[in-house]
Structures are given as C-alpha cells and as structure tokens.
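What follows is a set of notes on a single structure, which appears directly below.
Order of listing sets the numbers, starting from 1, for every ligand and every atom in it. Computed from a prediction, not measured in an experiment: that's the story for all the values here. No hydrogens, no waters, no symmetry mates; every other heavy atom, side chains included, goes into these values.
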Amino acid sequence: MFIMNLDIGLEENTLHFRAQGHGAKGQNDYEFSLEFREAVKPEVQHRSTQRQVDIKLHKQTEVWWDRLTLQEKKPLFLAPDFDRWMDESDAEMELKKKEEEKLSSISVESRVRKDHSFYDTFHTTADMMYFCQMMAVLEVVNPLLGLVRTGFIPALIQVTGRNVILFVIFGCVEEMQNKAVVFFVFYFWSCIEIFRYPFYMLGCIGVEWKLLTWLRYTLWMPLYPLGTISEAVAVVQSLAVFDETRMFALPLPSFLGESLSFSYSLRVYLILMFLGLFTNFRHLYKQRRRRYRSRKRKQL
Ligand SMILES: CCCCCCCCCCCCC[C@@H](O)CC(=O)SCCNC(=O)CCNC(=O)[C@H](O)C(C)(C)COP(=O)(O)OP(=O)(O)OC[C@H]1O[C@@H](n2cnc3c(N)ncnc32)[C@H](O)[C@@H]1OP(=O)(O)O
C-alpha cells in the first residue's frame, strides 16, 4: 500500500480521514468519519508509514467511556487493537497510577519548596518576630524614661519602621508571606541583633568584649542600607496587592471617586524610609565615633 494526499482533521468531536492509497487493487480513495462518544482534545497527532497511518487523540477528561463512538452501533470498519485493549478496571488502575505519580511529583515539589527557607521564613518565624518586635517598643520607652542613653528619635524611627513592615506589610498581606524578601528582611534585622543585645546585656554587668563592641558599632554600616533596601522591596511588592484588595483604602467623598488606595500612603512611606535611613545612619556613625574617640582619650 502506498498512501498519498493524506487529509486528517478534527471538527468538534468528529475525526475526518481522507487519503489515496495504492494497493493490490490499484489506486483507491479512502475516507471515514468518526464522531466520538465524548469530548476529545483538539490536537491530533498522526504518523504515516508505507503500510499504515497511526492517529493519536486524547480524551478531554480521562474517564472510562462505554464505547468509542456516539452512534451506538460499532462501525463495520472499526476493530479494536487487542494488544492495547483495556477493560474498565485496567483503565482505572492506569488512571490511579498516573494520579499517584502526579501526587508524588507534587509532594516532592512542595517538599523542595518547604525546605527552601526563602519562601517559608514567615510561617516558621513570624510568632517569634511578633514577640521580639513588640518587646522592641521598650527601646523607645527606655530612653524616654531616661533608663538608657539611646537616642529617642533614632529608636522611634527604628522600631516604627520595622513594625510597619512586620505587622502591616507581612502580617496583614498574605500574598507577601511566602515571598523571598521576608527572608532577607528578617536576616538583616537579626544579623545586628545577635550582637547588639548581648552587648547591652554584658554592659549591664559591667563587662565589655572588644570584638562584640566593634561588631555592634560596625556591622550597621553594611546592614542598615541592605536592611532598608529589602524593606523597600517588600513595600514595593505589596503596592499592587493593596491596589487590588483595597485593604486599608481610605473612603473618599463620592465626587472624588470611591476610595484612595493604601498604596499611596506606602509611596509616601517609601520616602520616609530613606529619610529614616539617612537619620539613623548619621546617628550610628556619631555613636561609633563617640565610642572610639572617648576610648582613645581614655588610653592617652
Ligand atoms: C518619627 C516617626 C517614625 C517614622 C518612621 C519612618 C520609617 C523609617 C524607616 C527607617 C528604616 C529602618 C530600617 C531598619 O529597620 C533596617 C535595619 O535595622 S537593618 C539591620 C541593621 N540595623 C542596625 O544596625 C540598627 C540597630 N539598631 C540600633 O542600633 C538602635 O536601635 C538605634 C536606636 C538605631 C541606635 O541605638 P543608639 O546608638 O542610640 O544606642 P546604643 O546602642 O549606643 O546605646 C546607648 C547606651 O545605652 C545602653 N543601652 C541601650 N539599650 C540598652 C538596653 N536595652 N539594656 C542595657 N543598656 C542599653 C548601651 O549599652 C549604651 O550604653 P553605653 O554608651 O554606656 O555603652
């Protein structure tokens, strides 16, 4: 058989086949149409050899069909390929197997994602962060009460800035909670605090470790800008969510429109952040100079 002028198409759920073949009985036109029992995917794959044409179609949904065609009577030219034949239970088994394979690939994927601390930082550390940042309010209260010689304004900027990010941007916006930026923000915050608080604690018992003091008064140089930039990235990423959800939107009188998105307040906050960065950077620079200058004087 020699197959020529092959024309295969799918219209709705009906497969149309037309071809010319040169066989033992000479040249012939071959043609058939098959209307399937249920929906099939619109893609038709076919491969022809000298002897035969293989046509591959996929069911729209992988379920058992009682028969192949819409018409109840099987067309005469149609014969099953018993090598590939499956009864209902075989088909169910095959579907189950596929489903299991799919599920196991999903669970591997989610395990990989879960192990990925970038994306899960918030859910694993949020409670601890909430607690620490609530306690950090004392850093503003302490200088107010004259308990420590910390600058009140720098402490206010620091604590307010972090609490806006933690409680508003991450805490209220679920879409932000599995973003990688959470990891960076928490990481930069923690990098300084693991030295700053032990430095304070030792100070309370009159002990000073030179290396710790140096780390407390030096690490802020790279960390403060990096921390502020990651906070700014988080704010920028949240703008679209606030626009979409209208969360915290300010109601407006009807002639001005419906409401003013909270993202506008955040845009103003972005400017404040960099003013805050500048103020605290200058403050920390002065604190460092004060500490090392007075030490030099003491040594002289
Ligand atoms: C006004 C409206 C607000 C509007 C908000 C606008 C938003 C602004 C956003 C700003 C961006 C923030 C970005 C930021 O979140 C990013 C990061 O933090 S990234 C990580 C790096 N960060 C840092 O390095 C900053 C860490 N924080 C600090 O250093 C302090 O919080 C700060 C207040 C900024 C500076 O502290 P300060 O230098 O003033 O104090 P000292 O540490 O030198 O302490 C002074 C003396 O007091 C003793 N002290 C202080 N606290 C204690 C304590 N709890 N217990 C015991 N003793 C304490 C300390 O030992 C010093 O004593 P001495 O001089 O005798 O040694």
Problem set entry | Steps toward side-chain hydrogen bond (donor to acceptor under 3.5 Å, both in side chains) verdict (Arg291, Thr213) | CA-CA 9 Å; Arg291 175 156 286 272; Thr213 308; 5.1 Å; no

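The distance from atom CD1 of Ile55 to atom CD of Gln52, rounded to the nearest 0.5 Å, is 11.0 Å. Separating the CZ atom in Arg288 from the NE2 atom in His283 is a distance of 14.0 Å, to the nearest 0.5 Å. With values rounded to the nearest 0.5 angstrom, Met273 atom CE is found 12.0 Å from Thr160 atom OG1.
Under the 4.0 Å criterion applied to side-chain N and carboxylate O atoms, Glu72 and Arg37 are not assigned as salt-bridge partners.
Here atom 36 (O) of ligand 1 lies nearest to Arg216 when heavy atoms of Glu139, Arg216, Gln158, Met135 are compared.
Annotation: atom 23 (C) of ligand 1 to nearest protein heavy atom, Tyr224 CD1, 3.3 Å. If you check which protein heavy atom lies closest to atom 65 (O) of ligand 1, you get Arg149 NH2, 2.9 Å. At the top of the distance list for atom 14 (C) of ligand 1, counting protein heavy atoms only, stands Glu231 OE2, 3.2 Å. Nearest non-hydrogen protein atom to atom 38 (O) of ligand 1 is Gln287 NE2, 2.9 Å. Of the protein's non-hydrogen atoms, the one nearest atom 55 (N) of ligand 1 is Tyr200 CB, 3.8 Å. Here the heavy atom of the protein found nearest to atom 58 (C) of ligand 1 is Val148 CG1, 3.5 Å. Looking at atom 61 (C) of ligand 1, its nearest protein heavy atom turns out to be Tyr217 OH, 4.4 Å. Looking only at heavy atoms of the protein, atom 18 (O) of ligand 1 is closest to Arg162 NH2, 2.7 Å.
Less than 6.0 angstrom separates the ring centroid of Phe199 from the ring centroid of Tyr217. Checked against a 6.0 Å centroid threshold, the rings of Phe17 and Tyr30 do not count as neighbours.
For the pair Tyr197 and ligand 1, no heavy-atom separation below 4.0 Å is found. Not a single heavy atom of Gly203 sits closer than 4.0 Å to an atom of ligand 1. Within the structure, ligand 1 lacks Met201 among the residues with a heavy atom less than 4.0 angstrom away. At least one heavy atom of Arg290 sits closer than 4.0 Å to an atom of ligand 1.
The nearest protein heavy atom to atom 32 (C) of ligand 1 is not closer than 4.0 Å.
Listed by number with element, the atoms of ligand 1 under 4.0 Å from a non-hydrogen atom of Trp220 are 24 (O). Remark: ligand 1 atoms within the under-4.0 Å shell around heavy atoms of Tyr269 are 7 (C). Ligand 1 places these atoms under 4.0 Å from at least one heavy atom of Gly227: 19 (S). Shown in contact with Leu284 at under 4.0 Å from a heavy atom are these atoms of ligand 1, numbered in order with element: 29 (O), 35 (C). For ligand 1, the atoms closer than 4.0 angstrom to any heavy atom of Cys204 are 56 (C).
Residues Asn178 and Asp120 have side chains not in contact (no heavy-atom distance under 4.5 Å, counting atoms from C-beta outward).
No hydrogens or angles considered: a donor-acceptor pair under 3.5 Å links the side chains of Tyr224 and Gln158.
Ring geometry for Phe183 against Tyr187 counts as parallel: the plane angle stays under 30°, on a 0 to 90° scale with 60° as the upper cut. Taking the six-membered ring where the residue is Trp, Trp220 and Tyr285 present perpendicular rings, their angle passing 60° and hence far from 30°.
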